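Atoms within a ligand are numbered from 1 in the order they appear, just like the ligands themselves. Note that the coordinates shown come from a computational prediction; the quantities given were computed from them, not determined experimentally. Along the sequence shown, the residues carry numbers beginning at 1.
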Amino acid sequence: VISEEEPVRRYTKPIVAALALGSAALLLAGPLDPPSGPVAPTYKTLAEVEPRTAISAANTPGDADSLYRITQRGAYYLSGNITGVSGKHGIEIAADGVTIDLMGFSMFGGEGSLDGIATSGLHGMITIRDGVIGGWGEDGIDLTEGGTGESSLIEGILASGNMDHGIRAANLAVVRGCEALNTLGSGLYAIRVGTHSMIEGCSVRNNNGGGIFADTECTISDCVASFNVSSGIVADSRASITACTSNNSVFGAGFAVGNSSTLTDCTADANAEEGFSVGDGCTLLNCVATENLGLAGIQVRTGGSTVTGCTAAGNTAHGIWGGVGSTVSGCTTKGNGADGIVAYSQCLVVGNTCHANGLGASTGAGIHAFSTDNRIEGNNCTSADRGIQIDGAGNFVARNTCSGNSLNWVVAAANVCFVVQASAGGAINGSSGGVPPGSTDPNANFSY
Ligand SMILES: [Ca+2]
Ligand SMILES: [Ca+2]
Ligand SMILES: [Ca+2]
């Protein structure tokens with residue numbers, strides 16, 4: 001047991017030592033003459049130390065449908081958590097040029113509440129950062145509530161369990177480093193932006209609607225969409241989508257993208273519909289689609305698109321669906337349930353590897369041309385129900401190789417196609433050997 005006197009005794013020596021140091025410091029003090037000029041205060045006002053406005057009932061009083069309402073441009077911050085009430089938004093923004101720093105605090109809405117943060121009237125140039133916005137009865141953040149304002153930056157926001165959208169911004173928005181999850185409403189999106197916006201480094205998962213929706217001419221990069229009920233990443237036309245992954249959509253596609261868009265280095269896995277479903281005039285480069293359940297791992301819905309350097313494996317139906325007038329080059333398809341590559345008509349299909357497709361109950365080919373005027377060249381098709389199957393007339397088929405398929409070639413009449421059973425030579429050890437494959441025609445196709 002420690003007696004009450006003990007602490008006093010214990011600190012006697014340090015106090016004496018501190019006093020000795022103090023008197024030494026006094027001996028070294030500078031001149032005692034005060035500086036010339038009038039005496040002025042040296043402290044800083046609160047506005048100089050913290051030149052921002054705390055969001056509070058005194059500074060930013062609410063109105064009939066808001067807890068707090070910002071009516072002047074400027075910088076605002078939270079100094080504590082906010083709990084919503086029924087029938088009200090958390091914070092209304094009724095001015096242009098407003099920055100709200102949530103300072104890591106959370107805004108929790110609760111039953112019957114409206115949006116967490118919403119515009120009131122048409123307002124833009126809005127920044128919102130660094131906090132948690134959850135459980136609001138409508139949207140977490142809605143910068144379109146008062147109309148389609150322009151230019152906003154939303155970063156470092158975790159939006160969870162909101163009823164409608166997690167984060168909804170208007171045109172010319174930048175949304176980065178945000179997470180939106182457990183959004184409850186169906187038919188909406190966890191993150192939705194208007195035209196000419198950028199979404200970077202965001203994660204959307206377990207939402208009851210879709211993951212990300214971007215209007216025309218947006219960029220989406222480094223995002224992950226997982227386990228959303230409808231499609232993971234959806235963009236209207238002329239989008240650029242880079243280094244994103246979208247997986248396990250319960251009823252939707254991994255990526256559903258409009259015309260004239262580019263998708264680079266993206267991955268779609270185990271979605272209930274297509275991995276990638278793109279419109280006319282798109283380019284897919286270095287994308288991977290695996291184990292998706294829709295019509296194809298990669299589907300060019302209409303045509304006129306370029307699919308290069310992509311992989312489609314283990315999808316339930318087709319690997320790559322080329323549409324009309326598309327180019328499919330340098331791709332690998334393996335283990336898809338139906339055809340490896342479908343060339344509908346007027347496609348160029350060149351330099352692809354198609355292995356072990358047609359795994360499903362129906363007949364599948366490595367490459368299957370449905371109609372006319374396709375050019376199919378320099379592909380290797382192995383171990384499927386059919387190697388290369390041409391249903392229509394007027395296709396040009398050259399320099400392909402097929403081996404190990406149940407039927408290597410199934411080609412309708414009236415196509416340009418010359419197939420040779422290649423000759424196999426003996427072993428080669430040294431500088432010469434073997435036999436010619438069986439034709440000197442430069443356009444011959446071979447079975448081997
Ligand atoms: Ca209001
Ligand atoms: Ca709203
Ligand atoms: Ca089969």
Side-chain angles (χ1 to χ4, degrees), residues 55 57 60-72 82 84-95 98 107 109-110 112-123 126 128 133-149 152 154 157 159 161-170 173 180 183-185 187-194 209 213 296 313-319 333-342 354-368 381-389 404-408 410:
I55 292 171
T60 53
D63 64 1
D65 68 347
S66 64
L67 280 171
Y68 303 102
R69 182 174 166 86
I70 293 170
T71 59
Q72 302 289 325
I82 286 179
V85 300
S86 182
K88 294 197 175 191
H89 303 297
I91 300 171
E92 268 188 344
I93 300 170
V98 168
M107 301 177 58
S113 59
L114 305 179
D115 297 333
I117 298 176
T119 48
S120 173
L122 185 66
H123 295 294
I126 290 163
I128 300 168
I133 301 181
W136 289 86
E138 294 183 352
D139 305 303
I141 292 173
D142 184 5
L143 301 186
T144 69
E145 179 76 14
T148 308
S152 55
I154 299 171
I157 296 295
N162 298 292
M163 182 56 74
D164 294 343
H165 303 87
I167 295 170
R168 183 167 189 186
T183 308
L184 298 170
L188 301 174
Y189 290 87
I191 296 176
R192 179 175 185 138
V193 294
F213 179 92
N315 297 287
T316 297
H318 305 297
T333 66
K334 176 178 175 291
N336 297 289
D339 301 317
I341 296 172
V342 172
C354 301
H355 176 64
N357 294 291
L359 288 185
S362 62
T363 300
I367 295 173
H368 190 172
C381 299
T382 55
S383 305
D385 299 322
R386 308 278 168 81
I388 291 180
Q389 178 172 348
N405 303 284
S406 300
L407 277 172
N408 280 328
V410 177

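The distance from the Ca ion (ligand 3) to the nearest N/O/S atom of Thr363 is not under 3.0 Å. None of the N, O or S atoms belonging to Gly337 lies under 3.0 Å away from the Ca ion (ligand 3). Among the backbone and side-chain atoms of Leu359, none of the N, O or S atoms lies under 3.0 Å from the Ca ion (ligand 3).
Under the 3.5 Å distance criterion, the side-chain polar atoms of Asn405 are matched with a main-chain donor or acceptor of Cys381.
Between the CG atom of Asn315 and the CG atom of Asp339 there is a distance of 12.5 Å, given to the nearest 0.5 Å. The CD atom of Gln72 sits 12.0 Å away from atom OG1 of Thr60, with the distance rounded to the nearest 0.5 Å.
Distances from the Ca ion (ligand 3) to each N, O or S atom of Asp385 single out OD2 as the nearest. When the Ca ion (ligand 1) is compared with the N/O/S atoms of Asp65, atom OD1 turns out nearest. Summary: OD2 is the N/O/S atom of Asp63 found nearest to the Ca ion (ligand 1).
Considering all non-hydrogen atoms of both residues, Glu92 and Ser66 come closest at OE1-OG, 3.4 Å. Across all their heavy atoms, Gly121 and Thr119 have their closest contact at O-CB, 3.7 Å. Here the closest heavy-atom approach between residue Trp136 and residue His89 is recorded as CZ3-C, 4.1 Å.
One finds a salt bridge joining Asp63 and Arg69 here, because a Lys/Arg side-chain nitrogen approaches an Asp/Glu carboxylate oxygen to under 4.0 Å.
Among protein atoms, those of element N, O or S found less than 3.0 Å away from the Ca ion (ligand 2) are Asp115 OD1, Asp115 OD2, Asp139 OD2, Asp142 OD2, Glu145 OE1.
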TODO: Kindly determine whether Asn162 and Thr183 satisfy side-chain hydrogen bond (donor to acceptor under 3.5 Å, both in side chains), including the steps that lead there.
DONE: CA-CA 5 Å; Asn162 298 292; Thr183 308; 5.8 Å; no

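Of the candidates Asp139, Val193, Ile154, Leu143, Ile154 is the only one forming a side chain to side chain contact (heavy atoms under 4.5 Å, CB included) with Ile167.
Taking the Ca ion (ligand 3) as the corner point, the angle from Ser362 atom O to Gly358 atom O is about 110° (rounded to 10 degrees).
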